[in-house]
Amino acid sequence: MTERVISLIDMDCFYCQVEARLNPSLDGRPMAVIQYNQWKGGGIIAVNYEARDKGVIRSMRGDDAKKHCPEIILVSVPTVREKADLTRYRDAGREVLAVLCRFSNCVQRASVDEAYIDLTKAVEERMKSLSQFSPDKWKSTFVVGYSTNSSNDEGERKNGFRAWLEDSDSLKNTASLKLAVGALIVEEIRETVLSETGFKCSAGIAHNKILAKLACGLHKPNRQTILPLECVLELYKTLPVKKIKNLGGKLGDNVVEKLGCKTMSDLLKFTEKELQAKYDEKAGSWLYNIARGLDNEPVTARLLSKSIGCCKNFPGRAALNKTKDVHHWINKLAEELSERLLEDEVMNKRRANLLTVSMHLEINKKDNASSKSVVLSSYEVDKIFIVAEQALRKVCKVDPSIDNWYPPIKHLGLSAGKFSNSSNKILKFFKLSENSNLNSTKTNCNTDNAAPISENENKSSFFERMFQRDVSDSNKKLNMVPDFSKHDLYVDSEDSQSSMVKAVNENRESPDESQKDNIKRKLFNLENDDNELEHIDGKKTETDSKKYFVIEQSAVNLNEKNVEKKNTLTNFLNQQVKQEEEWIKPEELFPDISQIDDDLLSALPLSYRNKVMKLKESFDRDLNTKEHGVINNIAVSNGEKLSSESLSAGNSSFKCEECGEIVEDYELHQDMHVAIKLDKELNSIPQVVNRTSSSTINDKDKKRKLKSCGKKKNSDNTKKMKSIDMFFKK
DNA sequence: CTTGGGAATATCT
DNA sequence: TAGATATTC
Ligand SMILES: Nc1ccn([C@H]2C[C@H](O)[C@@H](COP(=O)(O)OP(=O)(O)OP(=O)(O)O)O2)c(=O)n1
Ligand SMILES: [Mg+2]
């Protein structure tokens, strides 16, 4: 019939696995991941199964974990900008997602380590070719009701599975057979995830999301579980209500206490109307159906998060009560957010338009949560800082002239959301222009990296990872994820934007429409066979070999070329020279030579710019040409390798000479500097400064600018310059 | 609340 | 709709 086949895949003790992959000596030993090890040994956020056996649980302090398990190894989450930084785990999660995408066009990221997959179609396909159902093909599949829950005994598993398969077969239970085929595919998926990422996971296979999620947890770790509809009621007889997703909180408590339901089967005695009367219409119906194993929630194809944010707590005495400290932390959060947003834009071709500042204030000893949203018109740290600070002030109503901040801040958060299609010129460096409209460009799951697992991979930047997929793979993805962008990534007509955001978008798309249109049909493919980028006093000397060409491309067959031409920023700067004849003529690129888009121009290589300039001079105009454009400002210094002693998991880390930050992924970090520069030059919105508020902010603004100047100075002193590529090439 | 932190999603009003 | 609340990982 129309039974879906849904799987939920959940990585086992995920952060622990990520750390163990980084440092294999941790393998097989009791281990937990903590953050902030100063206070009571840090807070545990992930525990591997060896340590779980000893009674260590999440939310324990490191010190307590040692009591349960003296041999436990506590690995710290990296601290960047004085706060925990989860980038490492988000990146690892994306690796997994990229593998999942190969098996279905309907993959929904549910968390950093979980995803739903709708396998209905894949199962139908497989049914056609599958000749025989030999139970041996299912290597790690349990069936609810055919083995003891929460035991991973292999003998039991095997017998149970075979019995169920025979039952289903002889009864011609097509719904169950579909689950069996789904489980076979999931076996393959999990095997692929393991071989390509090194991570183990568990999975649930059922006809809907709630049951798949429930099943997934029944035989962790490293096993998968089928939950056929026929077995639900039996399972529910002993299943505590709160085990069901969404019933783990207050609603679940209420169902238990007010309805007296200890187990899920206790819910069966209520009519739908009774439940609706007790709760609201929606929740009532939901409960009624869930109690019967029914759930219509679709798997929504979405690989990207809808918001990107960071936050930090300031508990107890650490509450921020000095303006200086408040500013310090807004700045740290703004820095992290800016970096992540920039990477997100390059990888995902979207821009966040709304910034939500959240805070918990201590008022009369009580925790008071609130939030304020403002337009996010630039990804620059300073801009984020200013609007965030303003938003915070509106809630706190604190006298700007006083050093003390009141009420004390116990929690600060910055989150960016309301994404829309990026019109960022940065993107023009990475892809053929627009034809890649909503329907084509956005469809690929370009948040993912499908690069094979290898030593190289850990060192490759997101630019590299992003573009390393081969053509066929990418096309497959394009086809497989048809509505990805329209429905889930971008705010279209359907999910209309707030007036606040709309206003800004109108503002954003201002000038040079004619030229933009023109550019849309061109590809800028920068090429350069020279590894040395020399950097003198903020200026660049250009070697002869730096060349550049532009291909004219019809709007139709772009997909393939698009993928082929995509490249890393590094390679972008280091590729082979192309014939100068291939360059697009300046007069073609700038049909109206009197109206040259400076942003675009500054992004072009010097030799090409010179051509344009000559053309323009011939138009007899005195030009105020930019002395050095974006490309020329790209300075790459080699990082200084640090001893990994003091750092978690024994990873190689590097000190960036440009900003002094200690980073794990040096290339990525350098790419970020490049991207920041690109962003600054290409992506700032011409905007009228809000006069009323700018005066009060001015003071801090200056300070902040001074600060970033200091960083720049640092980079100017850099003597040795090397290409990113050279640094890591073996 | 009192040091269970950081992050993301969905729903309600 | 923005802001708060609930839930989850
Ligand atoms: N309160 C929580 C719960 C989880 N996580 C992080 C750490 C986990 O590694 C990851 C995935 O969460 P899971 O609930 O899936 O837990 P694990 O993957 O660690 O273990 P399991 O094997 O039970 O899935 O999310 C977290 O930071 N804080
Ligand atoms: Mg997990």
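Throughout, protein chains are lettered first and strands after them, A, B, ... in sequence-line order, and every chain is numbered starting at 1.
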| message | Between A:K282 and A:G309, which residue's closest nucleotide on DNA chain B lies nearer the 5′ terminus? | response | A:G309
| said: Is it the case that the ring center of A:F314 lies less than 6.0 angstrom away from the ring center of A:H360? | reply: no
| request: Name the nucleic acid region contacted by A:K410, choosing base, sugar-phosphate or nothing; use a 4.0 angstrom heavy-atom cut-off, strictly under. | output: sugar-phosphate
| query | How would you label the contact of A:L86 with the nucleic acid (heavy atoms, under 4.0 Å): base, sugar-phosphate, or nothing? | reply | sugar-phosphate
| task | Write down the distance between CD (A:Q35) and C1' (B:dG4), rounded to a whole number of angstrom. | result | 9 Å
| said: Expressed as a whole number of angstroms, how long is the span from A:M359:CE to C:dA4:C1'? | reply: 12 Å
| Per A:K306 side chain, nearest of listed nucleotides C:dG3, B:dA7, B:dA10 | B:dA10
| A:K258 NZ/CZ over A:F270 ring centroid, <6.0 Å and within 45° of normal | no
| message | Please report the distance, rounded to the nearest Å, between CD in A:Q38 and P in B:dG5. | response | 15 Å
| field | Listed nucleotide nearest any side-chain atom of A:N246, set C:dT8, C:dC9, B:dA8 | value | C:dT8
| task | Please work out whether the ring planes of A:H327 and A:F385 are parallel, tilted or perpendicular, with thresholds of 30° and 60°. | result | perpendicular
| query | A:S370 near the nucleic acid: base, sugar-phosphate alone, or nothing, with a heavy-atom cut-off under 4.0 Å? | reply | sugar-phosphate
| field | Contact nearer the 5' end of DNA chain B, comparing A:R109 with A:D367 | value | A:D367
| message | Just by distance, no angles: are the side chains of A:R190 and A:S140 close enough, under 3.5 Å, to form a donor-acceptor pair? | response | yes
| query | Given the C1' atoms of B:dT2 and C:dC9, what is the spacing between them in whole Å? | reply | 25 Å
| request: Looking at every strand, decide which applies to A:R58 at a 4.0 Å heavy-atom threshold: base, sugar-phosphate, or nothing. | output: nothing
| remark: Side-chain contact check for A:R340: nearest option of B:dA10, C:dC9, B:dA8 is B:dA8
| message | What is the distance, to the nearest angstrom, from the CG atom on A:D280 to the P atom on C:dA6? | response | 14 Å
| task | Write down the distance separating the P atoms in B:dC1 and C:dT7, rounded off to the nearest Å. | result | 16 Å
| message | Does A:I9 form a side-chain contact (heavy atoms from CB on, under 4.5 Å) with A:D113? I'd like the steps, not just the answer. | response | CA-CA 8 Å; A:I9 295 183; A:D113 87 323; over 6 Å; no
| task | Could you work out the separation of B:dG4 and C:dT8 based on their C1' atoms and round it to a whole Å? | result | 15 Å
| query | B:dA7, C:dC9, B:dG4: which one has an atom nearest the side-chain heavy atoms of A:C311? | reply | B:dA7
| Nearest to the side chain of A:S373, which nucleotide is it out of B:dA8, C:dG3, B:dG6? | C:dG3
| Separation of atom OH in A:Y89 from atom P in B:dG5, rounded to whole Å | 17 Å
| task | Determine the contact category for A:K245: base if any of its heavy atoms lies under 4.0 Å from a base atom, sugar-phosphate if only primed atoms, P, OP1 or OP2 are that close, otherwise nothing. | result | sugar-phosphate
